[in-house]
Every structure is written in C-alpha cells, then in structure tokens.
There are 2 protein chains.
Amino acid sequence: SDDGQHVVIRPLAYVKEAELARYAEIRNFPIIPCDLCGSQENLKRKEVKALLQEWDTRYPGSGDSMFAALSKVIPSHLLDRQLFDFQAFRNPES
Amino acid sequence: SDDGQHVVIRPLAYVKEAELARYAEIRNFPIIPCDLCGSQENLKRKEVKALLQEWDTRYPGSGDSMFAALSKVIPSHLLDRQLFDFQAFRNPES
C-alpha cells in the first residue's frame with residue numbers, strides 16, 4: 001500500500017473472473033459468503049466493472065486490449081514527467 | 001514514433017478541446033478545413049471520444065481523473081514486468 005505498511009499481491013490478476021467462477025464450479029469449491037472480499041457493496045468498483053463489460057460488449061476485445069496495455073506501458077505516450085524525462089528528450093537524429 | 005523516425009509532440013495535450021475551441025473563437029482564429037488534422041473520418045478515435053464524454057457525463061470528473069492518472073503513473077499498480085520488477089520485489093520489513 002502507499003504507506004509501505006502492506007504489500008498487496010494479486011495472484012489471480014491474470015485470470016478472468018468468468019473463468020475462475022467456472023473453475024470453482026467444476027472443482028466444487030465451497031463458496032462462502034464473504035464481507036471482506038469485494039462482494040460487499042462498493043459502488044465505484046461495481047460501476048467500473050459494469051462500464052468495462054459494457055465497452056467489451058460494444059467493442060469486443062476492448063477488455064483484452066486494456067489488459068494488454070497494462071502489461072506493456074510506453075512511458076513516452078503518457079504524461080508522467082517522473083516516469084519519462086520529456087524535458088531532456090532530444091531527437092536522436094538532431 | 002515506434003520506429004524512431006519521427007518525434008510526436010503534443011503541445012496542446014494539457015488544453016481541453018472545448019477551451020481551445022472557445023479561445024479560437026475569442027481570438028477569431030481563422031478555421032480552415034483540414035484533411036490532416038484528425039477531423040476526417042476516424043471511427044476508433046471518434047468512438048473513444050464519445051465514450052469518454054459519455055463517462056464524464058455519467059460520472060462527472062472522470063475525464064479529469066483519467067488525465068491526472070496519466071500524469072502520475074504507479075508502475076507497481078500496473079502489470080508491466082519491464083517497468084516494475086515484481087519478481088525482485090521484497091517486503092522491506094521482511
């Protein structure tokens with residue numbers, strides 16, 4: 001976390017929720033009700049999820065594209081001056 | 001560009017289109033028809049623009065949030081192994 005107190009790991013970040021749900025079904029994993037795991041009310045999270053699903057329905061594959069983009073960041077295409085030194089950048093030809 | 005042949009600059013990246021349009025009006029800039037400047041048909045660009053506007057209407061401020069996020073990239077929150085060495089990461093406390 002930002003204060004350095006906790007390390008967040010996301011071991012299932014690469015697994016689609018639908019695939020995970022299906023796997024849990026196949027393996028008959030017991031599904032326990034859970035107050036801590038994100039199934040509780042969280043409006044923003046749900047809104048963003050719904051929006052991403054909507055995009056992917058309208059533009060099939062856009063979810064995969066966004067995911068791929070997170071794995072292949074091109075700092076010079078972003079706007080973070082810490083991450084890419086725009087100021088010092090010079091055309092290699094000049 | 002990716003092949004290193006061209007350097008793309010975006011001097012107006014920080015200016016909202018609506019503000020720029022208003023400024024051009026105020027200053028009476030001549031508006032010329034243009035085939036090169038993105039006003040031509042470009043379905044993807046238009047779609048993404050419409051979607052971003054839709055988000056910003058539904059969730060006011062989301063456009064600004066996304067823009068701010070581009071300026072403050074947190075590599076450990078993304079999935080790029082080149083940008084952040086997840087493998088080598090250790091909890092500083094351990």
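Just so it is clear, the model here is predicted, and its values are computed rather than measured.
- Nearest heavy-atom pair across Leu83(B) and Pro75(A) is CD1-CG, 4.0 Å.
- At a 4.5 Å heavy-atom cutoff, the contact between Leu70(A) and chain B is made by backbone and side-chain atoms alike.
- Nearest heavy-atom pair, Arg58(A) versus Leu51(B), reported as atom, atom and distance to 0.1 Å: NH2-CD2, 3.5 Å.
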*asked:* Between Phe84(B) and Val73(A), does the side chain to side chain contact (heavy atoms under 4.5 Å, CB included) criterion hold? Intermediate values first, please.
replied: CA-CA 10 Å; Phe84(B) 187 85; Val73(A) 178; over 6 Å; no

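- If you measure heavy-atom distances from Tyr14(B) to chain A, the contacts under 4.5 Å come from the side chain alone.
- Counting all heavy atoms, side chain and backbone alike, Ala13(A) lies closest to Leu79(B) at CB-CD2, 4.3 Å.
- Tracing side-chain contacts under 4.5 Å through hydrophobic residues (I, L, V, M, F, W, Y), one reaches Tyr59(B) starting from Leu52(B); they form part of the same cluster.
- In the hydrophobic clustering of ILVMFWY residues, with side-chain heavy atoms under 4.5 Å counting as a link, Leu78(A) and Met66(A) come out apart.
- By the rule that hydrophobic residues join a cluster once side-chain heavy atoms approach within less than 4.5 Å of another member, Leu12(A) and Ile9(A) end up as members of separate clusters.
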